[in-house]
Amino acid sequence: MAGRINQTYPVTRVKLDADGNVTEQDTRADLVTAEEPLQIRVDGQTVTTTMRTPGHDVELAHGFLHGEGHIRTATDVTTARYCAGAVGPDGRNPYNLLDIEMAKKHALGLSDLRLHTTTSACGVCGTTSIEELFARTHYPIPQVPLNPRVVAALPDALRTHQKQFRKTGGIHAAGAFTFDGEPVVVREDIGRHNAADKVIGHLLLEGRLPANDLILVMSSRTSFELVQKAAMAGFPALVAVSAASSLAVDLARKAGMGLVGFNRGNRFNLYAGELAQSR
């Protein structure tokens with residue numbers, strides 16, 4: 001699996017002068033972040049096909065099912081395994097089909113499962129009602145004043161663990177950090193929602209939900225589905241390096257979460273929540 005995270009391609013690098021004339025041009029090998037489909041089946045029925053970077057797929061599946069409200073703890077899933085009969089064009093198992101078996105008491109009927117087909121940029125495209133998402137939270141969210149020094153340092157702390165980003169420049173990251181800025185888990189994926197699902201899935205499998213004592217940090221912009229996933233997991237705050245959408249701000253304020261965007265250098269925007277008083 002690790003060898004499939006990146007792929008090597010011959011790439012022509014071009015440099016122009018101020019007048020738009022080509023001054024340099026050479027072809028060399030370059031690493032590109034892998035993007036492959038992952039089909040998740042629950043009790044034999046496909047619930048989503050998402051484009052992701054291979055790796056930590058079991059965590060991704062648990063995080064996705066948690067965000068959709070289908071599971072709350074690791075015991076809600078009895079088995080998670082790749083389909084043994086799947087065969088790719090090369091005759092080998094591509095490990096792109098993950099079978100999930102639910103505990104009987106949590107078995108889902110056909111009416112409970114909505115089919116999702118998502119791109120690497122889309123998290124809740126199959127959701128039928130935004131109002132439904134506003135109401136779907138597993139845990140109460142504590143209102144925690146944020147330490148501005150810790151908040152400002154979080155993007156650099158996340159970047160320290162972005163190994164694939166340093167290699168390719170084409171992959172997002174999500175991380176769970178303590179209120180003191182210490183990393184608990186960091187995951188990378190070409191899809192920002194997938195990276196968040198992997199982090200939340202890891203915490204779920206480790207028995208660390210609700211994440212009331214942690215901050216979710218994203219290397220991307222903040223959209224509605226990312227705030228929704230954070231709220232479902234009980235994070236009291238979400239910190240991102242880029243912009244927030246209007247729905248993300250609305251949901252964060254309604255959920256009582258802290259929401260930070262454009263967190264770069266010694267500046268950031270506080271869209272929701274409050275800062276701790278300086279001592």
Side-chain angles (χ1 to χ4, degrees), residues 1-7 32-42 46-71 77 80 82 94-100 114-127 133 158-159 161-165 167-177 183-206 209 211 214 216-233 235 238-242 245 248:
M1 184 70 70
R4 294 168 53 206
I5 295 176
N6 303 314
Q7 296 182 19
V32 176
T33 299
E35 182 178 25
E36 296 183 11
L38 177 67
Q39 180 182 353
I40 299 175
R41 294 194 306 204
V42 174
T46 298
V47 295
T48 189
T49 300
T50 184
M51 303 304 294
R52 97 303 189 193
T53 301
H56 305 291
D57 290 333
V58 172
E59 292 178 353
L60 191 161
H62 279 75
F64 171 80
L65 291 173
H66 181 274
E68 288 298 304
H70 295 319
I71 65 173
V77 173
Y82 293 105
Y95 298 103
N96 285 337
L97 175 55
L98 193 65
D99 277 319
I100 303 291
R114 294 185 300 274
L115 178 62
H116 297 252
T117 301
T118 64
T119 69
S120 55
C122 172
V124 291
C125 300
T127 299
L133 285 182
L158 180 67
R159 196 172 299 113
H161 298 274
Q162 292 180 243
K163 297 179 181 179
Q164 296 305 317
F165 180 79
K167 293 179 180 179
T168 67
I171 192 167
H172 287 297
F177 287 76
V184 174
V185 57
V186 174
R187 294 288 183 258
E188 293 180 280
D189 196 280
I190 196 167
R192 51 200 166 87
H193 69 285
N194 287 337
D197 278 341
K198 289 177 179 181
V199 167
I200 293 169
H202 174 88
L203 296 175
L204 184 147
L205 290 168
E206 293 295 315
L209 293 185
L214 300 173
L216 182 62
V217 184
M218 301 294 305
S219 66
S220 63
R221 65 182 175 87
T222 304
S223 51
F224 174 85
E225 77 272 13
L226 291 178
V227 176
Q228 180 256 337
K229 289 176 185 295
M232 291 283 285
F235 283 98
L238 192 160
V239 172
V241 301
S242 195
S245 71

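Put simply, CG on L60 and CG on L65 are 9.5 Å apart, with the number rounded to the nearest 0.5 Å. With rounding to the nearest 0.5 Å, the separation of CZ in R187 from NE2 in H202 is 5.5 Å. Residue L238 holds its CG atom at 12.0 Å from NZ of K229, rounded to the nearest 0.5 Å. The OG atom of S220 sits 11.0 Å away from the NE2 atom of H193 when rounded to the nearest 0.5 Å. We find the NE2-CG distance between H66 and L204 to be 5.5 Å, quoted to the nearest 0.5 Å. Between the OG atom of S219 and the CZ atom of R159 there is a distance of 9.0 Å, given to the nearest 0.5 Å.
Checked by atom type and distance alone, the side chain of Q228 pairs as donor or acceptor with a backbone atom of G67 at under 3.5 Å. Listed for the K198 side chain is a donor-acceptor partner under 3.5 Å among the backbone atoms of G55.
Between D57 and Y95 the shortest side-chain heavy-atom distance does not fall below 4.5 Å. Side chains of L226 and L216 form no contact here, defined as non-hydrogen atoms less than 4.5 Å apart. Side-chain contact between T33 and Q164 is absent, with no heavy atoms from C-beta onward closer than 4.5 Å. F64 has its side chain out of reach of T50: every pair of non-hydrogen atoms, C-beta onward, lies at least 4.5 Å apart. Between H56 and H62, the closest side-chain pair of non-hydrogen atoms is not below 4.5 Å. Between Q7 and E36, the closest side-chain pair of non-hydrogen atoms falls below 4.5 Å. H172 places none of its side-chain heavy atoms less than 4.5 Å from the side chain of M218. No side-chain heavy atom of N194 sits less than 4.5 Å from a side-chain heavy atom of T53.
A pairwise comparison of heavy atoms in H161 and P183 identifies NE2-CG, 3.6 Å as the closest pair. Of all the heavy atoms in A195 and A173, the pair that sits closest is CB-C, 4.1 Å. Minimum heavy-atom separation, P37 to T49: CB-CG2, 4.2 Å. Nearest heavy-atom pair across M51 and D189 is O-OD1, 4.5 Å. Nearest heavy atom pair, residue L203 against residue V184, reads CD2-CG1, 4.2 Å. D99 approaches R41 most closely through the heavy-atom pair OD1-NE, 2.7 Å.
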Next item on the list: Begin from the C-alpha positions of M232 and L209 and carry the test side-chain contact (heavy atoms from CB on, under 4.5 Å) through to its verdict.
Entry: CA-CA 10 Å; M232 291 283 285; L209 293 185; over 6 Å; no

- request: Carefully, step by step, assess L158 and V239 under the rule side-chain contact (heavy atoms from CB on, under 4.5 Å).
  value: CA-CA 11 Å; L158 180 67; V239 172; over 6 Å; no

* To do: Show your working on side-chain contact (heavy atoms from CB on, under 4.5 Å) between H70 and V47 and close with a plain yes or no.
  => CA-CA 11 Å; H70 295 319; V47 295; 5.8 Å; no

